[in-house]
There are 2 protein chains.
Amino acid sequence: MAQAKNADLRNLDGVAKRAGVSTATVSRVLNNQNVVKNSTRARVLKAAEELKYHPNLHARSLARGKSRTLGILVSNMENPFFFDIYRALESAAHARGYEVVVANTDYSSEQLVSSVRLMIGWRVAGLAAIVSEMDSHLMQVLTDSKIPIVFYDVGTPQKNITNVRVDYRKGMKKIVEYLHSLGHTRMAFLGHHSTLGPISERRKTFLETVARLAPNAEAQIVAAADGLEGGRQAARELLSSGFQPTAILCVNDFMAVGVLRHLRDQGIRVPDDVSVTGFDNIRLAEFCSPALTTVHIPRERIGQTIFGNLVPDKASDRLIGQEILVDPELVVRESTGVARQTQAIESRQRSASGLPV
Amino acid sequence: MAQAKNADLRNLDGVAKRAGVSTATVSRVLNNQNVVKNSTRARVLKAAEELKYHPNLHARSLARGKSRTLGILVSNMENPFFFDIYRALESAAHARGYEVVVANTDYSSEQLVSSVRLMIGWRVAGLAAIVSEMDSHLMQVLTDSKIPIVFYDVGTPQKNITNVRVDYRKGMKKIVEYLHSLGHTRMAFLGHHSTLGPISERRKTFLETVARLAPNAEAQIVAAADGLEGGRQAARELLSSGFQPTAILCVNDFMAVGVLRHLRDQGIRVPDDVSVTGFDNIRLAEFCSPALTTVHIPRERIGQTIFGNLVPDKASDRLIGQEILVDPELVVRESTGVARQTQAIESRQRSASGLPV
DNA sequence: CTTGCGTATGCAAGCGATTACATTTAACTA
DNA sequence: TAGTTAAATGTAATCGCTTGCATACGCAAG
């Protein structure tokens, strides 16, 4: 009955009382300030230990008015490419004493909205947006929030926005040139059916490059959802469209693995009958079968760059409002080969369905 | 100079002043309490909107003394199996108005320790531990913290601990029986080199089942790290050990994909020369080549079960201190076949290395 | 024995919300 | 019109921590 209030002593007060000091001193000990006498420090630590005390981080953030927590928004954490960026960013953050909270939006703009609300509510020290479903309204909300923010490959490039992105044009050019050198003339591009900037830019680059290199080559576009299943579905659509590609270019490796699956189910051999390429060079690209020819994108560097721009190091290398380009590199593996001149796919499909070849 | 303090008006006070009400009223509006007159509510909302106000969630948690945030600890988010559990848990949580923060420990106990510290510091409403590196000390810290906690397949089963786990014995039995029915006599098991409970139990079950079914069959154990690379490395070790398996059983699908890669590199055909099985039935198991024979584990249900036990619904179905078993089911795909009687692997290796067959 | 000064600690005012309780306003009832 | 009651709002304490400022301590110099 003595201690009416504060039944739970696992707070600064409890520790302070037990150690016979004031809360201020306890706080100073816990924050490693060197102003506390060693004997006091020891008593405080002992008391904290005995009470199994853990500081309340909400109270701390509130009192400090700032946190060392970074937020990450990701469209699809299941895609190893995004996961790798997240991991690199996180480890860079940890190395500098920052925590990280991540929200997976699953390509849903509703989820994105509520995640953004959360991040702002948590007053994160910075925000990395690796999402494709960002609209201008949300962008406004974010800039209004005054939270430092770095985008990865954002759709609508605006002024005063830091944007780390890959030079997709260059990567796409390398792939198309490579396929062209192998004699491919009918190529299909499988990508998200998004109307957003970068995606449509990729489509355009594909079409332009094909047109430039081989004026009388044919090019086809297929819209697809991200992921293994999305790739498989897109491949299905492509094949039933009547277009007979000699090469299929996928917007990313993850999707390409789905494409490979469908081709295999149809008895179509890669790269003998058709070549397939990905983009990103995720680990899986090396492990799937056939191993994917793709374009390497340095996720590690991207993650580090994002962090570096969120939490400026020497106050020097922060590049607000800039676009930071990352160069991709071609990686040739097993899924590409010289173009077959005959209509390989059609004949495979015929024989698979029992029709006369 | 008029407003000395509170320069930033984006807090309850700011909104209150602007709407001409008290902070209490603003708070009531924001928490959807129906006690506020409509006209006032409208004024408050307008003020909040104009100020672009977002409640400070730290202050809220602090004041409320409890949160609707759940913590998840995961050893390896890169493994799609864990990712799926996380996703299921998260969507169950969202459906009931809970938020989720996830910490990826990367199998490092240091990271686990600091993640646990974080979760306790955040006073999460509950904690899901999907980690294999949990030691008894940390377990103590967690129980001391009074945070409701549910483990997934924890190593050291203790009293008073809720543990959702898969009936691995049953799954393992199904696989071994199936392989046995195909005539396999030399089987190798590739699993983490952990001394923890569930893993060693799996090993034991494997050995026992093999011994029971085919007394004169041979069994081999290989330690491996998780992941694609871990699987590949384990396969390498296995093959160079001299043991000539007719079947390779992997502790999970993710690792199995790595195994497939190495076998392919060595010119060993699956399932003609050797059969390979996984465990988990991740989506990739269907998409890799050959598609994996595996055991399906219902991640969705696991996620939901974990959530249900963290946040009891009707105060009824919470099973504290219990073990909740989930039944696995065999899924036969392309990576298994009847056992070859000749020493297939050895001859492939010879021919691959240019030696006389 | 003061004075002075660095060092170690305590006091108390925030941080931005929630909420029990008090108070005012509005709406009926008699 | 006064009386009773419910509805709407305000007051102020509180959550657990940080931190500027004040205070107390100890010890060397004057």
Side-chain angles (χ1 to χ4, degrees), chain A residues 3-44 47-48 51-69 117-118 120-123 125 145, chain B residues 3-44 47-48 51-69 120-123 125 145:
Chain A
Q3 40 167 57
K5 53 175 66 171
N6 257 346
D8 186 5
L9 289 186
R10 287 154 83 160
N11 52 22
L12 265 201
D13 269 329
V15 178
K17 229 156 263 168
R18 186 172 251 263
V21 296
S22 74
T23 61
T25 300
V26 178
S27 171
R28 286 191 268 254
V29 169
L30 264 38
N31 291 293
N32 280 321
Q33 292 179 254
N34 296 330
V35 291
V36 187
K37 213 203 297 181
N38 274 333
S39 59
T40 330
R41 161 187 305 273
R43 255 184 315 147
V44 168
L51 284 178
K52 297 165 191 331
Y53 166 78
H54 290 259
N56 183 320
L57 264 23
H58 295 303
R60 178 172 286 179
S61 305
L62 184 57
R64 290 223 248 251
K66 63 183 181 219
S67 74
R68 285 175 82 82
T69 299
R117 224 193 289 286
L118 259 187
I120 297 181
W122 280 334
R123 302 293 190 266
S145 78
Chain B
Q3 40 168 53
K5 53 176 66 170
N6 255 347
D8 187 4
L9 289 185
R10 287 152 84 160
N11 53 21
L12 266 202
D13 270 329
V15 178
K17 228 155 265 168
R18 184 172 252 262
V21 296
S22 74
T23 61
T25 301
V26 178
S27 172
R28 284 189 272 253
V29 169
L30 264 39
N31 290 292
N32 278 322
Q33 289 177 256
N34 296 330
V35 290
V36 187
K37 211 204 298 181
N38 274 334
S39 59
T40 330
R41 162 187 305 272
R43 251 183 319 143
V44 168
L51 283 178
K52 297 163 190 331
Y53 166 78
H54 291 260
N56 183 320
L57 265 23
H58 296 301
R60 177 172 286 179
S61 306
L62 183 56
R64 292 222 248 251
K66 65 187 177 213
S67 74
R68 283 174 83 83
T69 300
I120 297 181
W122 280 334
R123 302 293 190 266
S145 78

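Letters A, B, ... are given to chains in the order of the sequence lines, protein chains preceding strands, and every chain is numbered from 1.
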(request) Whole angstrom is fine here: how far is it from NE2 in His58(B) over to C1' in dC15(C)? (result) 11 Å
(request) Nearest whole angstrom, please: distance from the C1' of dG10(C) to the CZ of Arg43(A). (result) 13 Å
(request) Calculate the interatomic distance between Leu9(B) atom CG and dG16(C) atom P; express it in whole Å. (result) 10 Å
Distance-only donor-acceptor pairs under 3.5 Å for side chains of residues 36-43 of chain A, two or more places apart:
| residue | atom | partner | partner atom | Å |
| --- | --- | --- | --- | --- |
| Arg41(A) | NH2 | Gln33(A) | O | 3.1 |
| Arg43(A) | NH1 | Ala19(A) | O | 2.8 |

(request) Indicate yes or no for a side-chain donor-acceptor contact from His58(A) to the backbone of Trp122(B) under 3.5 Å, with no hydrogens or angles considered. (result) yes
(request) Can you sort out the partners of Ala125(A) under side-chain contact (heavy atoms from CB on, under 4.5 Å), two or more places apart, ordered by chain and number? (result) Ser67(A), Leu70(A), Tyr98(A)
(message) Just the rounded figure in Å: distance from C1' of dC17(D) to CG of Leu62(A).
(response) 8 Å
(message) Using only atom types and a distance under 3.5 Å, with no angle test, would you say the side chain of Ser61(A) pairs donor to acceptor with the backbone of Leu57(A)?
(response) yes
(request) Determine to 10° how strongly the helix from dG4(C)-dC27(D) to dA30(C)-dT1(D) is bent, judged from the axes of its five-pair ends. (result) 50°
(request) Could you state the atom-to-atom distance from NE2 of His54(B) to P of dA17(C) in whole Å? (result) 12 Å
(message) Please confirm whether the shortest side-chain N or O distance from Asn11(B) to OP1 or OP2 of dC15(C) is below 4.0 Å.
(response) no
(message) Categorize Thr40(A) for me: base, sugar-phosphate, or nothing, with a 4.0 angstrom heavy-atom threshold over every strand shown.
(response) sugar-phosphate
(request) Taking only the side-chain heavy atoms of Ser27(A) (C-beta and beyond), determine which of dG10(C), dT19(D), dG10(D) contains the nearest atom. (result) dT19(D)
(message) Checking contacts here: which listed nucleotide (dT18(D), dG10(C), dC17(D)) is nearest the side-chain heavy atoms of Pro55(A)?
(response) dC17(D)
(request) Using a 4.0 Å cut-off on protein heavy atoms (strictly under), produce a 5'-to-3' string for nucleotides 20-28 of chain D with B for base contact, S for backbone-only sugar-phosphate contact, and - for none. (result) B--------
(request) Would you please name every residue forming a side-chain hydrogen bond (donor to acceptor under 3.5 Å, both in side chains) with Arg64(A), sequence neighbours left out? (result) Asn31(A)
(request) Scan Val26(A) against the nucleic acid and name what it touches under 4.0 Å (heavy atoms): base, sugar-phosphate only, or nothing. (result) nothing
(message) Is there a side-chain contact between Thr25(B) and the phosphate of dG10(D), meaning an N or O under 4.0 Å from OP1 or OP2?
(response) yes
(request) Of all the heavy-atom pairs spanning Val44(A) and Val15(A), show the shortest one and how long it is. (result) O-CG1, 3.9 Å
(request) Please report, rounded to the nearest Å, how far the P atom of dC15(C) is from the CZ atom of Arg10(B). (result) 16 Å
(request) Would you kindly give the CG-to-P distance between Leu12(B) and dT9(D), to the nearest whole Å? (result) 16 Å
(message) Measure CZ/Arg64(B) against P/dT19(C) and give the value in whole Å, please.
(response) 6 Å
(message) Among residues at least two apart in sequence or on other chains, which ones pass side-chain contact (heavy atoms from CB on, under 4.5 Å) with Leu12(B)?
(response) Thr23(B), Val26(B), Ser27(B), Leu30(B), Tyr53(B)
(message) Just N and O in the side chain of Asn56(B): are any of them under 4.0 Å from OP1 or OP2 of dG16(C)?
(response) no
(message) Within the structure provided, determine whether Arg123(A) and Lys66(A) are in side-chain contact (heavy-atom separation under 4.5 Å).
(response) no
